[in-house]
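Quick notes on the structure that follows.
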There are 2 protein chains.
Amino acid sequence: MKMLKIPEPTVVRLSLYSRFLNQASSKGIDIISSDEIGSAVGIPSAQVRKDLSYFGEFGIRGVGYRVRELCSQVDKLLCVNQVWPVVIIGAGHLGLAMSGYRGLQDRGFDVIALFDANPAKQGELPNGLPVLPMEKLAETVREKDIRIGIITVPSASAQPVAETLIEAGITAIINFAPTVLNVPSEVECRNIDLTVNLEVLSFNLGMRG
Amino acid sequence: MKMLKIPEPTVVRLSLYSRFLNQASSKGIDIISSDEIGSAVGIPSAQVRKDLSYFGEFGIRGVGYRVRELCSQVDKLLCVNQVWPVVIIGAGHLGLAMSGYRGLQDRGFDVIALFDANPAKQGELPNGLPVLPMEKLAETVREKDIRIGIITVPSASAQPVAETLIEAGITAIINFAPTVLNVPSEVECRNIDLTVNLEVLSFNLGMRG
DNA sequence: GACTGTGAAGCCATTCACAGCT
DNA sequence: AGCTGTGAATGGCTTCACAGTC
């Protein structure tokens, strides 16, 4: 085991393993093999073992992995054994959808508040979450020590919003706007771009016939 | 130029180039260099040229690329110079957000209808789109020759919904549910998984301090 | 016999660097 | 001089295959 410089694809798969292991764990499964994990998430078993081997030896040769143990180890690696407060910028359809998404809470991401520049959107949501004006952002981020921001504003406002977030102290961004954001290298930004995904499908459909 | 077997990362970037080129084109820019394209989408210029070179020679040595021409070439490669009808399964927050998303229409993806198993959700949306019962799916897909489906149902229903879609004739799926879908190899499925993305951020935040 | 952990090999994408045009 | 197109070099992820352990 060598540690340091983990391939990003490995981290992505770790998240898939974690989800599956949590399910298996709550089903009461005790022992599981790399082969079972792999086929559950659609990945070869050698890859599963290699991924885990970056971080240590979690299994028992000839036997497999103890589910509860592996599960908590992987969760610790991903830092999802803690609560991460997040803010959502943009209280449109998408922002509201995200704020009501149970999967976030379940995985330890806690939406503290939404923010929207439009006063008409501000107030309190049915689920109790506040929608605040952008002016309150820096204060909230500081007080709750928030690192993660989710951008769901229209494309044209995404870059200025990102800058406001970074100014406020955010260092990790999920961007749903169909734009490549320009951020300093110490800020990590991941784009979730529906259009790009559709166009990859479109390309591949075109390749066939 | 060798054609055949295009790396997927290349296709993803093609979509970014296309978006940028369309913007540049409507700004009236005539000529652009691989360097300008690259810095706009955050990619080295050599990569831009290599990506394009898989498909032909679109530029003029010593000069650059003619924007309008390159734009239409790239759009043709991505097959976004045509209209793709799509269906959305799940009329929850996320499905509604998608159905109202202007970016789809702009890029030639035409939402024909939403589908939802819950009769209370069925009817007509404010924007005029119908929300139909699942039973109407196969008929709609056949009549409108639809290839692409977007799944926005909860995780537990995603697999059966995917099967229904495939049964109905869909061959390309965008899946927003946090599950790995089991689909035959001739069906292409792309997952858009917020949780995974957040957990990659969480992992990287943990690596720092 | 079954399954993990891991060097080594293989494969694929990115980057380099330069010849070829304008 | 400036910029594209591309073979060659590099780097990195995945797959293989087998020694090690239970």
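Predicted model only: the values in this text are computed from it and were never measured. Letters A, B, ... mirror the listed sequences (proteins, then strands); counts begin at 1.
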CZ (B:Arg190) with more than 12 external heavy atoms under 6.0 Å: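 More than 12 within 6.0 Å, yes.
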Set of residues satisfying side-chain contact (heavy atoms from CB on, under 4.5 Å) with respect to B:Ala40, sequence neighbours excluded: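 For B:Ala40, the residues satisfying side-chain contact (heavy atoms from CB on, under 4.5 Å) (neighbours in sequence not counted) are B:Phe20.
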B:Cys79: side-chain contact (heavy atoms from CB on, under 4.5 Å) partners, not counting sequence neighbours: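 Testing B:Cys79 for side-chain contact (heavy atoms from CB on, under 4.5 Å), a comparison that skips the adjacent residues, returns A:Ser202, B:Gln82, B:Trp84.
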Can you tell me how far [atom2] of [N] sits from [atom1] of [X], to the nearest Å?
X       : N     : atom1 : atom2 : answer
A:Phe58 : C:dG5 : CZ    : P     : 9 Å
A:Tyr17 : C:dT4 : OH    : P     : 12 Å
A:Asp30 : C:dC3 : CG    : C1'   : 17 Å
A:Asp35 : C:dG1 : CG    : C1'   : 15 Å
A:Leu52 : C:dC3 : CG    : P     : 16 Å

Quick test of your reading of the model: are [X] and [Y] salt-bridged, counting only N-O distances below 4.0 Å?
X        : Y        : value
B:Glu8   : B:Arg13  : no
B:Arg19  : A:Asp193 : yes
A:Arg147 : A:Asp145 : yes

N or O in side chain of A:Ser34 less than 4.0 angstrom from C:dT4 OP1/OP2: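 True: A:Ser34 side-chain N/O within range (under 4.0 Å) of C:dT4 OP1/OP2.
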Short side-chain N/O contact from A:Tyr65 to OP1 or OP2 of C:dG5, under 4.0 Å: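 Yes, A:Tyr65 has a side-chain N/O under 4.0 Å of OP1/OP2 on C:dG5.
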Annotated protein contacts, base or backbone, on nucleotides 11-22 of chain C with a non-hydrogen cut-off under 4.0 Å, one of B, S, - each: --SBB-B--BBS
